[in-house]
2 protein chains.
Amino acid sequence: MTDTLTVMTPMQTRRYHHGDLRAALLTRAEETLREKGPAALSLRELARDLDVSHAAPSRHFKDKQALLDALALTGFDRLAETLAASQEDVGETFAERLGAIARAYVDFATANAELLDLMYAKKHDPTASEALVAASQRWGEQLVELIAEGQHRGEVRQGPMERVGLPLFATLHGFASLAVSDMLPAEALEHGLDDVIAHMLRGCAPE
Amino acid sequence: MTDTLTVMTPMQTRRYHHGDLRAALLTRAEETLREKGPAALSLRELARDLDVSHAAPSRHFKDKQALLDALALTGFDRLAETLAASQEDVGETFAERLGAIARAYVDFATANAELLDLMYAKKHDPTASEALVAASQRWGEQLVELIAEGQHRGEVRQGPMERVGLPLFATLHGFASLAVSDMLPAEALEHGLDDVIAHMLRGCAPE
DNA sequence: ACAGCATTGTTGGCGGCGTCTACATTCGGG
DNA sequence: CCCGAATGTAGACGCCGCCAACAATGCTGT
(Lines give C-alpha, C1' and ligand atoms only; values in the text may rest on other atoms or scores of the structure.)
Protein backbone atom coordinates (compact mmCIF):
# COMPACT_ATOMS: atom_id res chain seq x y z
CA MET A 1 0.00 0.00 0.00
CA THR A 2 2.88 2.37 -0.67
CA ASP A 3 1.98 5.56 -2.46
CA THR A 4 3.61 4.70 -5.74
CA LEU A 5 1.03 6.83 -7.40
CA THR A 6 1.17 9.94 -5.30
CA VAL A 7 4.92 10.37 -5.41
CA MET A 8 5.65 9.67 -9.03
CA THR A 9 8.36 12.30 -9.36
CA PRO A 10 10.34 13.36 -6.31
CA MET A 11 9.97 17.05 -7.15
CA GLN A 12 6.31 17.01 -7.93
CA THR A 13 4.70 16.54 -4.56
CA ARG A 14 1.44 18.37 -5.21
CA ARG A 15 -0.99 17.60 -8.01
CA TYR A 16 -4.54 18.61 -8.57
CA HIS A 17 -5.73 15.05 -8.57
CA HIS A 18 -4.58 12.90 -5.74
CA GLY A 19 -4.53 9.58 -7.50
CA ASP A 20 -6.40 7.43 -5.04
CA LEU A 21 -7.84 9.68 -2.43
CA ARG A 22 -10.47 7.21 -1.38
CA ALA A 23 -7.95 4.57 -0.36
CA ALA A 24 -5.70 7.17 1.21
CA LEU A 25 -8.59 8.46 3.31
CA LEU A 26 -9.40 5.00 4.59
CA THR A 27 -5.79 4.21 5.39
CA ARG A 28 -5.17 7.46 7.20
CA ALA A 29 -8.51 7.27 8.98
CA GLU A 30 -7.60 3.92 10.41
CA GLU A 31 -4.26 5.22 11.64
CA THR A 32 -5.88 8.18 13.33
CA LEU A 33 -8.51 5.92 14.80
CA ARG A 34 -5.85 3.67 16.25
CA GLU A 35 -3.60 6.44 17.48
CA LYS A 36 -5.96 9.12 18.70
CA GLY A 37 -9.28 7.39 19.11
CA PRO A 38 -12.62 7.75 17.37
CA ALA A 39 -13.37 11.19 18.80
CA ALA A 40 -10.36 12.65 17.00
CA LEU A 41 -11.54 11.45 13.61
CA SER A 42 -12.72 14.40 11.55
CA LEU A 43 -13.08 14.67 7.83
CA ARG A 44 -11.47 18.08 7.84
CA GLU A 45 -8.38 16.97 9.72
CA LEU A 46 -8.13 13.92 7.50
CA ALA A 47 -8.19 16.20 4.48
CA ARG A 48 -5.50 18.41 6.00
CA ASP A 49 -3.33 15.37 6.68
CA LEU A 50 -3.56 14.35 3.06
CA ASP A 51 -2.98 17.86 1.75
CA VAL A 52 -6.35 18.16 0.18
CA SER A 53 -9.15 20.65 0.58
CA HIS A 54 -11.69 20.17 3.33
CA ALA A 55 -14.45 19.23 0.91
CA ALA A 56 -12.51 16.73 -1.14
CA PRO A 57 -13.50 13.69 0.94
CA SER A 58 -17.13 14.29 0.06
CA ARG A 59 -16.37 13.18 -3.51
CA HIS A 60 -15.71 9.69 -2.16
CA PHE A 61 -17.95 9.40 0.87
CA LYS A 62 -21.31 11.07 0.93
CA ASP A 63 -20.92 11.83 4.61
CA LYS A 64 -18.82 10.94 7.60
CA GLN A 65 -20.88 7.90 8.46
CA ALA A 66 -20.25 6.51 4.98
CA LEU A 67 -16.52 6.65 5.62
CA LEU A 68 -16.95 4.91 8.96
CA ASP A 69 -19.05 2.22 7.33
CA ALA A 70 -16.43 1.66 4.66
CA LEU A 71 -13.79 1.47 7.37
CA ALA A 72 -15.81 -1.14 9.20
CA LEU A 73 -16.12 -3.16 6.02
CA THR A 74 -12.37 -3.24 5.45
CA GLY A 75 -12.11 -4.33 9.06
CA PHE A 76 -14.32 -7.34 8.43
CA ASP A 77 -12.29 -8.19 5.36
CA ARG A 78 -9.03 -8.15 7.25
CA LEU A 79 -10.62 -10.11 10.07
CA ALA A 80 -11.74 -12.82 7.67
CA GLU A 81 -8.23 -13.06 6.24
CA THR A 82 -6.72 -13.27 9.70
CA LEU A 83 -9.05 -16.04 10.75
CA ALA A 84 -8.46 -17.99 7.57
CA ALA A 85 -4.72 -17.70 8.07
CA SER A 86 -5.06 -19.02 11.61
CA GLN A 87 -6.24 -22.36 10.24
CA GLU A 88 -3.24 -22.98 8.10
CA ASP A 89 -0.46 -24.30 10.27
CA VAL A 90 -2.55 -26.03 12.85
CA GLY A 91 -3.48 -29.60 13.69
CA GLU A 92 -6.63 -31.34 12.59
CA THR A 93 -8.52 -31.84 15.81
CA PHE A 94 -11.50 -29.62 16.47
CA ALA A 95 -9.98 -28.48 19.74
CA GLU A 96 -6.83 -27.28 18.05
CA ARG A 97 -8.66 -25.53 15.25
CA LEU A 98 -11.17 -23.82 17.53
CA GLY A 99 -8.35 -22.74 19.81
CA ALA A 100 -6.47 -21.28 16.89
CA ILE A 101 -9.42 -19.35 15.56
CA ALA A 102 -10.30 -18.09 19.02
CA ARG A 103 -6.80 -16.81 19.65
CA ALA A 104 -6.71 -15.21 16.24
CA TYR A 105 -9.99 -13.43 16.89
CA VAL A 106 -8.95 -12.11 20.27
CA ASP A 107 -5.57 -11.05 18.93
CA PHE A 108 -7.23 -9.18 16.12
CA ALA A 109 -9.63 -7.57 18.56
CA THR A 110 -6.96 -6.30 20.92
CA ALA A 111 -4.73 -5.19 18.08
CA ASN A 112 -7.61 -3.31 16.45
CA ALA A 113 -9.70 -2.31 19.42
CA GLU A 114 -11.15 0.93 18.12
CA LEU A 115 -11.81 -0.59 14.73
CA LEU A 116 -13.69 -3.48 16.27
CA ASP A 117 -15.83 -1.02 18.16
CA LEU A 118 -16.68 0.58 14.85
CA MET A 119 -17.42 -2.74 13.17
CA TYR A 120 -20.07 -3.63 15.69
CA ALA A 121 -21.33 -0.12 16.35
CA LYS A 122 -25.08 0.33 16.40
CA LYS A 123 -24.97 3.41 14.25
CA HIS A 124 -24.71 2.44 10.64
CA ASP A 125 -26.58 3.57 7.62
CA PRO A 126 -29.42 1.16 6.93
CA THR A 127 -28.05 0.52 3.45
CA ALA A 128 -24.47 -0.02 4.57
CA SER A 129 -25.83 -2.05 7.42
CA GLU A 130 -26.79 -4.84 5.04
CA ALA A 131 -23.26 -5.09 3.78
CA LEU A 132 -21.94 -5.11 7.32
CA VAL A 133 -24.29 -7.83 8.51
CA ALA A 134 -23.23 -9.86 5.50
CA ALA A 135 -19.59 -9.23 6.34
CA SER A 136 -20.03 -10.27 9.94
CA GLN A 137 -21.78 -13.41 8.83
CA ARG A 138 -18.91 -14.18 6.53
CA TRP A 139 -16.72 -14.86 9.50
CA GLY A 140 -19.58 -16.66 11.15
CA GLU A 141 -19.37 -19.03 8.21
CA GLN A 142 -15.73 -19.71 8.93
CA LEU A 143 -16.88 -20.91 12.33
CA VAL A 144 -19.61 -22.94 10.69
CA GLU A 145 -17.11 -24.70 8.41
CA LEU A 146 -15.06 -25.53 11.42
CA ILE A 147 -18.07 -26.97 13.18
CA ALA A 148 -19.14 -29.03 10.20
CA GLU A 149 -15.69 -30.53 10.07
CA GLY A 150 -15.79 -31.17 13.81
CA GLN A 151 -19.14 -32.88 13.54
CA HIS A 152 -17.81 -35.05 10.74
CA ARG A 153 -14.91 -36.10 12.92
CA GLY A 154 -17.36 -36.88 15.69
CA GLU A 155 -15.81 -34.27 17.98
CA VAL A 156 -18.78 -31.92 17.97
CA ARG A 157 -22.36 -32.59 18.96
CA GLN A 158 -24.92 -32.99 16.20
CA GLY A 159 -27.49 -30.38 15.34
CA PRO A 160 -28.09 -27.53 12.92
CA MET A 161 -24.89 -25.65 12.59
CA GLU A 162 -26.24 -22.21 13.34
CA ARG A 163 -27.59 -23.56 16.62
CA VAL A 164 -24.23 -25.00 17.56
CA GLY A 165 -22.38 -22.03 16.17
CA LEU A 166 -24.27 -19.14 17.70
CA PRO A 167 -23.16 -19.82 21.27
CA LEU A 168 -19.56 -20.04 20.08
CA PHE A 169 -19.92 -16.86 18.09
CA ALA A 170 -21.41 -15.10 21.10
CA THR A 171 -18.78 -16.34 23.53
CA LEU A 172 -15.88 -15.39 21.35
CA HIS A 173 -17.28 -12.01 20.48
CA GLY A 174 -18.16 -11.37 24.09
CA PHE A 175 -14.72 -12.15 25.41
CA ALA A 176 -13.06 -10.07 22.73
CA SER A 177 -15.46 -7.25 23.37
CA LEU A 178 -14.77 -7.29 27.10
CA ALA A 179 -11.05 -7.37 26.49
CA VAL A 180 -11.33 -4.44 24.13
CA SER A 181 -13.26 -2.26 26.53
CA ASP A 182 -10.71 -2.77 29.30
CA MET A 183 -13.29 -4.45 31.48
CA LEU A 184 -10.97 -7.34 32.26
CA PRO A 185 -8.02 -7.24 34.61
CA ALA A 186 -4.80 -7.95 32.73
CA GLU A 187 -4.55 -11.35 34.35
CA ALA A 188 -8.01 -12.38 33.14
CA LEU A 189 -6.99 -11.43 29.65
CA GLU A 190 -4.01 -13.73 29.63
CA HIS A 191 -5.27 -16.87 31.26
CA GLY A 192 -8.95 -16.18 30.78
CA LEU A 193 -8.96 -17.10 27.15
CA ASP A 194 -7.85 -20.62 27.95
CA ASP A 195 -10.79 -21.04 30.30
CA VAL A 196 -13.12 -19.60 27.70
CA ILE A 197 -11.87 -21.98 25.04
CA ALA A 198 -12.23 -24.93 27.36
CA HIS A 199 -15.75 -23.80 28.18
CA MET A 200 -16.62 -23.60 24.49
CA LEU A 201 -15.26 -27.07 23.87
CA ARG A 202 -17.34 -28.54 26.69
CA GLY A 203 -20.35 -26.68 25.43
CA CYS A 204 -20.27 -28.29 22.03
CA ALA A 205 -18.78 -31.66 22.85
CA PRO A 206 -20.81 -34.70 21.74
CA GLU A 207 -23.27 -35.82 24.38
CA MET B 1 -34.91 41.39 31.46
CA THR B 2 -35.73 40.64 35.04
CA ASP B 3 -39.49 40.77 34.52
CA THR B 4 -39.55 37.01 34.67
CA LEU B 5 -38.87 37.56 38.30
CA THR B 6 -41.12 40.45 39.21
CA VAL B 7 -44.02 39.87 36.82
CA MET B 8 -44.39 36.15 36.86
CA THR B 9 -47.67 34.59 35.84
CA PRO B 10 -49.00 32.17 38.46
CA MET B 11 -48.44 29.13 36.25
CA GLN B 12 -45.02 30.32 35.24
CA THR B 13 -42.70 27.81 36.87
CA ARG B 14 -39.59 29.34 35.40
CA ARG B 15 -37.02 30.09 38.04
CA TYR B 16 -33.45 31.18 37.92
CA HIS B 17 -32.35 28.04 39.61
CA HIS B 18 -33.64 24.85 38.17
CA GLY B 19 -33.78 22.80 41.32
CA ASP B 20 -32.07 19.63 40.21
CA LEU B 21 -30.59 20.28 36.84
CA ARG B 22 -28.10 17.49 37.12
CA ALA B 23 -30.72 14.80 37.47
CA ALA B 24 -32.90 16.42 34.84
CA LEU B 25 -29.99 16.39 32.41
CA LEU B 26 -29.35 12.72 32.95
CA THR B 27 -32.99 11.81 32.59
CA ARG B 28 -33.51 13.80 29.44
CA ALA B 29 -30.21 12.63 28.01
CA GLU B 30 -31.28 9.04 28.35
CA GLU B 31 -34.58 9.74 26.62
CA THR B 32 -32.85 11.45 23.72
CA LEU B 33 -30.35 8.63 23.54
CA ARG B 34 -33.11 6.08 23.33
CA GLU B 35 -35.29 8.01 20.90
CA LYS B 36 -32.84 9.68 18.56
CA GLY B 37 -29.60 7.82 19.03
CA PRO B 38 -26.22 8.81 20.42
CA ALA B 39 -25.35 11.11 17.52
CA ALA B 40 -28.29 13.38 18.39
CA LEU B 41 -27.09 13.91 21.94
CA SER B 42 -25.75 17.43 22.33
CA LEU B 43 -25.31 19.45 25.46
CA ARG B 44 -26.79 22.49 23.80
CA GLU B 45 -29.95 20.76 22.70
CA LEU B 46 -30.27 19.19 26.11
CA ALA B 47 -30.07 22.65 27.62
CA ARG B 48 -32.68 23.96 25.21
CA ASP B 49 -35.00 21.08 26.09
CA LEU B 50 -34.73 21.93 29.75
CA ASP B 51 -35.07 25.66 29.21
CA VAL B 52 -31.68 26.60 30.50
CA SER B 53 -28.81 28.41 28.92
CA HIS B 54 -26.37 26.49 26.77
CA ALA B 55 -23.62 26.75 29.36
CA ALA B 56 -25.66 25.61 32.33
CA PRO B 57 -24.81 21.90 31.97
CA SER B 58 -21.15 22.69 32.48
CA ARG B 59 -21.91 23.47 36.13
CA HIS B 60 -22.75 19.81 36.64
CA PHE B 61 -20.58 17.99 34.12
CA LYS B 62 -17.15 19.28 33.30
CA ASP B 63 -17.57 18.20 29.69
CA LYS B 64 -19.75 16.07 27.50
CA GLN B 65 -17.82 12.90 28.21
CA ALA B 66 -18.45 13.38 31.91
CA LEU B 67 -22.18 13.34 31.27
CA LEU B 68 -21.88 10.21 29.17
CA ASP B 69 -19.84 8.54 31.90
CA ALA B 70 -22.44 9.43 34.50
CA LEU B 71 -25.14 8.08 32.22
CA ALA B 72 -23.24 4.83 31.85
CA LEU B 73 -22.96 4.57 35.61
CA THR B 74 -26.69 4.90 36.14
CA GLY B 75 -27.06 2.23 33.49
CA PHE B 76 -24.95 -0.19 35.49
CA ASP B 77 -26.96 0.60 38.58
CA ARG B 78 -30.25 -0.13 36.88
CA LEU B 79 -28.78 -3.26 35.34
CA ALA B 80 -27.73 -4.55 38.73
CA GLU B 81 -31.23 -3.93 40.08
CA THR B 82 -32.80 -5.70 37.13
CA LEU B 83 -30.59 -8.73 37.54
CA ALA B 84 -31.22 -8.90 41.26
CA ALA B 85 -34.97 -8.73 40.64
CA SER B 86 -34.73 -11.59 38.16
CA GLN B 87 -33.66 -13.91 40.95
CA GLU B 88 -36.67 -13.30 43.12
CA ASP B 89 -39.50 -15.37 41.78
CA VAL B 90 -37.53 -18.22 40.36
CA GLY B 91 -36.74 -21.78 41.32
CA GLU B 92 -33.67 -22.92 43.16
CA THR B 93 -31.83 -24.99 40.59
CA PHE B 94 -28.79 -23.48 38.98
CA ALA B 95 -30.30 -24.00 35.54
CA GLU B 96 -33.38 -21.98 36.44
CA ARG B 97 -31.43 -19.21 38.07
CA LEU B 98 -28.89 -18.90 35.28
CA GLY B 99 -31.69 -18.92 32.74
CA ALA B 100 -33.47 -16.15 34.59
CA ILE B 101 -30.44 -13.94 34.88
CA ALA B 102 -29.54 -14.53 31.24
CA ARG B 103 -32.99 -13.57 30.04
CA ALA B 104 -32.98 -10.53 32.27
CA TYR B 105 -29.64 -9.42 30.90
CA VAL B 106 -30.66 -9.83 27.29
CA ASP B 107 -33.98 -8.12 27.93
CA PHE B 108 -32.22 -5.19 29.52
CA ALA B 109 -29.79 -5.04 26.64
CA THR B 110 -32.43 -4.95 23.93
CA ALA B 111 -34.59 -2.51 25.88
CA ASN B 112 -31.60 -0.21 26.44
CA ALA B 113 -29.51 -0.85 23.38
CA GLU B 114 -27.93 2.58 23.00
CA LEU B 115 -27.29 2.83 26.72
CA LEU B 116 -25.54 -0.53 26.75
CA ASP B 117 -23.33 0.64 23.93
CA LEU B 118 -22.39 3.59 26.08
CA MET B 119 -21.74 1.45 29.14
CA TYR B 120 -19.16 -0.64 27.37
CA ALA B 121 -17.80 2.07 25.11
CA LYS B 122 -14.02 2.24 24.90
CA LYS B 123 -13.96 5.97 25.26
CA HIS B 124 -14.18 6.88 28.89
CA ASP B 125 -12.23 9.25 31.01
CA PRO B 126 -9.48 7.35 32.79
CA THR B 127 -10.84 8.50 36.14
CA ALA B 128 -14.46 7.64 35.39
CA SER B 129 -13.24 4.43 33.87
CA GLU B 130 -12.34 3.11 37.31
CA ALA B 131 -15.86 3.64 38.51
CA LEU B 132 -17.23 1.96 35.42
CA VAL B 133 -15.02 -1.08 35.69
CA ALA B 134 -16.12 -1.37 39.29
CA ALA B 135 -19.74 -1.09 38.24
CA SER B 136 -19.40 -3.75 35.59
CA GLN B 137 -17.74 -6.03 38.08
CA ARG B 138 -20.61 -5.51 40.45
CA TRP B 139 -22.86 -7.42 38.14
CA GLY B 140 -20.11 -9.90 37.59
CA GLU B 141 -20.39 -10.56 41.28
CA GLN B 142 -24.04 -11.36 40.95
CA LEU B 143 -22.98 -14.09 38.54
CA VAL B 144 -20.33 -15.22 40.99
CA GLU B 145 -22.87 -15.57 43.79
CA LEU B 146 -25.00 -17.65 41.53
CA ILE B 147 -22.06 -19.87 40.69
CA ALA B 148 -21.06 -20.31 44.29
CA GLU B 149 -24.57 -21.43 45.07
CA GLY B 150 -24.54 -23.76 42.09
CA GLN B 151 -21.26 -25.28 43.17
CA HIS B 152 -22.64 -25.79 46.64
CA ARG B 153 -25.60 -27.61 45.19
CA GLY B 154 -23.23 -29.74 43.14
CA GLU B 155 -24.68 -28.46 39.90
CA VAL B 156 -21.62 -26.53 38.81
CA ARG B 157 -18.07 -27.77 38.30
CA GLN B 158 -15.51 -26.89 40.95
CA GLY B 159 -12.82 -24.31 40.50
CA PRO B 160 -12.09 -20.67 41.28
CA MET B 161 -15.21 -18.72 40.63
CA GLU B 162 -13.71 -16.13 38.35
CA ARG B 163 -12.49 -18.92 36.12
CA VAL B 164 -15.91 -20.50 35.95
CA GLY B 165 -17.63 -17.16 35.73
CA LEU B 166 -15.63 -15.45 33.04
CA PRO B 167 -16.83 -17.69 30.22
CA LEU B 168 -20.41 -17.16 31.33
CA PHE B 169 -19.90 -13.43 31.57
CA ALA B 170 -18.38 -13.38 28.10
CA THR B 171 -21.07 -15.53 26.52
CA LEU B 172 -23.90 -13.52 27.96
CA HIS B 173 -22.34 -10.20 27.14
CA GLY B 174 -21.48 -11.39 23.65
CA PHE B 175 -24.96 -12.57 22.85
CA ALA B 176 -26.51 -9.39 24.18
CA SER B 177 -24.00 -7.32 22.30
CA LEU B 178 -24.73 -9.11 19.04
CA ALA B 179 -28.45 -8.72 19.56
CA VAL B 180 -28.02 -5.03 20.25
CA SER B 181 -26.02 -4.36 17.11
CA ASP B 182 -28.61 -6.03 14.91
CA MET B 183 -26.15 -8.65 13.84
CA LEU B 184 -28.59 -11.46 14.50
CA PRO B 185 -31.59 -12.38 12.37
CA ALA B 186 -34.81 -11.97 14.34
CA GLU B 187 -35.21 -15.71 14.54
CA ALA B 188 -31.78 -16.20 16.09
CA LEU B 189 -32.69 -13.64 18.71
CA GLU B 190 -35.76 -15.53 19.85
CA HIS B 191 -34.65 -19.13 19.89
CA GLY B 192 -30.95 -18.44 19.98
CA LEU B 193 -30.93 -17.49 23.61
CA ASP B 194 -32.20 -20.94 24.58
CA ASP B 195 -29.31 -22.53 22.76
CA VAL B 196 -26.90 -20.13 24.36
CA ILE B 197 -28.21 -20.89 27.84
CA ALA B 198 -28.01 -24.61 27.19
CA HIS B 199 -24.45 -24.16 25.97
CA MET B 200 -23.52 -22.27 29.13
CA LEU B 201 -25.01 -24.96 31.31
CA ARG B 202 -23.05 -27.69 29.56
CA GLY B 203 -19.93 -25.57 29.80
CA CYS B 204 -20.04 -25.34 33.55
CA ALA B 205 -21.66 -28.65 34.42
CA PRO B 206 -19.77 -30.88 36.87
CA GLU B 207 -17.39 -33.23 35.10
C1' DA C 1 -6.93 15.30 -32.53
C1' DC C 2 -10.02 17.25 -29.79
C1' DA C 3 -14.72 18.62 -28.02
C1' DG C 4 -17.62 17.63 -24.49
C1' DC C 5 -18.73 15.51 -20.35
C1' DA C 6 -18.07 13.11 -16.05
C1' DT C 7 -14.83 12.96 -12.31
C1' DT C 8 -12.27 14.96 -8.89
C1' DG C 9 -10.63 18.84 -6.21
C1' DT C 10 -11.17 23.96 -4.43
C1' DT C 11 -13.17 27.93 -2.19
C1' DG C 12 -16.34 30.07 0.65
C1' DG C 13 -20.13 30.05 3.54
C1' DC C 14 -23.81 28.24 6.83
C1' DG C 15 -25.40 26.71 11.21
C1' DG C 16 -24.38 23.70 15.11
C1' DC C 17 -21.38 22.12 18.40
C1' DG C 18 -18.22 22.06 22.81
C1' DT C 19 -15.76 24.90 25.65
C1' DC C 20 -13.94 29.17 27.85
C1' DT C 21 -14.44 33.69 30.30
C1' DA C 22 -16.92 37.29 32.46
C1' DC C 23 -20.95 38.44 34.69
C1' DA C 24 -25.69 37.80 37.25
C1' DT C 25 -28.67 35.73 40.51
C1' DT C 26 -29.74 32.90 44.30
C1' DC C 27 -28.74 30.06 48.36
C1' DG C 28 -27.10 29.08 52.89
C1' DG C 29 -24.13 29.28 56.94
C1' DG C 30 -21.37 32.61 60.06
C1' DC D 1 -28.00 39.91 57.54
C1' DC D 2 -24.26 39.58 54.89
C1' DC D 3 -20.79 37.53 52.15
C1' DG D 4 -18.94 33.68 49.72
C1' DA D 5 -20.22 29.51 47.25
C1' DA D 6 -23.28 27.46 43.97
C1' DT D 7 -25.76 27.84 40.06
C1' DG D 8 -27.34 30.01 35.77
C1' DT D 9 -26.57 33.51 31.73
C1' DA D 10 -24.48 35.89 27.77
C1' DG D 11 -21.14 36.15 24.41
C1' DA D 12 -17.16 34.65 21.86
C1' DC D 13 -13.88 31.38 19.64
C1' DG D 14 -12.55 27.75 16.80
C1' DC D 15 -13.73 23.40 15.07
C1' DC D 16 -16.88 20.55 12.74
C1' DG D 17 -20.09 18.46 8.87
C1' DC D 18 -22.30 19.74 4.99
C1' DC D 19 -23.71 22.43 0.79
C1' DA D 20 -23.34 25.13 -3.53
C1' DA D 21 -20.67 27.29 -7.10
C1' DC D 22 -16.63 27.00 -9.60
C1' DA D 23 -11.98 25.04 -11.60
C1' DA D 24 -8.84 21.59 -13.18
C1' DT D 25 -8.27 17.13 -15.02
C1' DG D 26 -9.23 12.55 -17.37
C1' DC D 27 -11.65 9.98 -20.71
C1' DT D 28 -14.24 8.71 -24.68
C1' DG D 29 -16.38 8.87 -29.17
C1' DT D 30 -15.89 10.65 -33.43
Side-chain angles (χ1 to χ4, degrees), chain A residues 3 5-9 12-29 32-33 36-71 118 121 123-125 127-128, chain B residues 1-8 12-29 32-33 36-71 118 121 123-125 127-128:
Chain A
D3 13 345
L5 270 181
T6 59
V7 201
M8 300 184 73
T9 69
Q12 185 75 359
T13 56
R14 185 61 189 282
R15 316 194 323 262
Y16 191 88
H17 281 95
H18 175 281
D20 194 357
L21 183 53
R22 193 190 137 94
L25 283 167
L26 286 175
T27 304
R28 190 80 188 88
T32 323
L33 184 63
K36 309 199 221 160
L41 242 194
S42 94
L43 293 179
R44 286 177 106 110
E45 181 164 1
L46 228 41
R48 254 171 280 146
D49 278 4
L50 299 176
D51 261 311
V52 137
S53 82
H54 66 257
S58 73
R59 294 294 172 196
H60 303 275
F61 302 99
K62 83 172 211 296
D63 57 19
K64 186 179 184 179
Q65 189 57 50
L67 182 142
L68 297 183
D69 290 346
L71 210 48
L118 212 60
K123 237 176 114 170
H124 299 288
D125 222 86
T127 80
Chain B
M1 66 169 49
T2 55
D3 47 351
T4 56
L5 214 188
T6 58
V7 194
M8 205 160 55
Q12 185 85 2
T13 59
R14 179 66 190 283
R15 304 157 6 248
Y16 191 90
H17 281 94
H18 175 282
D20 194 357
L21 183 54
R22 193 191 139 95
L25 283 168
L26 286 175
T27 304
R28 190 80 189 91
T32 321
L33 184 62
K36 307 200 219 161
L41 241 193
S42 94
L43 292 180
R44 289 179 102 111
E45 180 163 2
L46 230 39
R48 274 188 304 261
D49 278 4
L50 299 176
D51 264 313
V52 269
S53 82
H54 66 260
S58 74
R59 295 292 172 196
H60 303 275
F61 302 99
K62 85 174 210 295
D63 58 20
K64 186 179 184 178
Q65 189 58 50
L67 181 142
L68 296 182
D69 290 346
L71 210 48
L118 212 61
K123 238 175 112 172
H124 299 287
D125 223 84
T127 79

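Letters go in sequence order (proteins before strands), and every chain restarts at 1. These figures come from a predicted structure and were not determined experimentally.
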Between protein and nucleotides 16-20 of chain D, what N or O pairs are separated by less than 3.5 Å?
residue : atom : partner : partner atom : Å
D:dC16  : OP1  : A:Ser42 : OG           : 3.0
D:dC16  : OP2  : A:Arg48 : NH2          : 2.4
D:dG17  : OP1  : A:Leu43 : N            : 3.1
D:dG17  : OP1  : A:Lys64 : NZ           : 3.3
D:dG17  : OP2  : A:Leu43 : N            : 3.1
D:dG17  : OP2  : A:Arg44 : N            : 3.2
D:dG17  : N7   : A:Arg44 : NH1          : 2.5
D:dG17  : O6   : A:Arg44 : NH1          : 2.7
D:dC18  : OP2  : A:Lys64 : N            : 2.9
D:dC18  : N4   : A:Arg44 : NH1          : 3.0

Per-pair distances, 0.1 Å, donor-acceptor, side chain in residues 62-71 of chain A, under 3.5 Å, sequence neighbours excluded:
residue : atom : partner  : partner atom : Å
A:Asp63 : OD1  : A:Gln65  : N            : 3.3
A:Asp63 : OD1  : A:Ala66  : N            : 3.0
A:Lys64 : NZ   : A:Leu41  : O            : 2.7
A:Gln65 : NE2  : A:Asp69  : OD1          : 3.0
A:Asp69 : OD1  : A:His124 : ND1          : 2.5

What heavy-atom pair brings [X] and [Y] nearest, and what distance separates the two atoms?
| X | Y | result |
| --- | --- | --- |
| A:Leu33 | A:Pro38 | CD1-CA, 3.5 Å |
| B:Ala56 | B:His60 | O-CD2, 3.9 Å |
| B:Ser58 | B:Ala55 | OG-O, 2.7 Å |

What is the distance, rounded to the nearest whole Å, between atom [atom1] of [X] and atom [atom2] of [N]?
| X | N | atom1 | atom2 | result |
| --- | --- | --- | --- | --- |
| B:Leu67 | C:dT19 | CG | C1' | 15 Å |
| B:Leu25 | D:dT7 | CG | C1' | 12 Å |
| B:Leu50 | D:dT9 | CG | P | 11 Å |
| A:Leu46 | C:dG9 | CG | P | 13 Å |
| A:His60 | C:dT7 | NE2 | C1' | 9 Å |

Side-chain heavy-atom pair B:Glu45, B:Thr32 within 4.5 angstrom cut-off
no

Just wondering, do A:Arg28 and A:Leu50 contact through their side chains at under 4.5 Å, heavy atoms?
yes

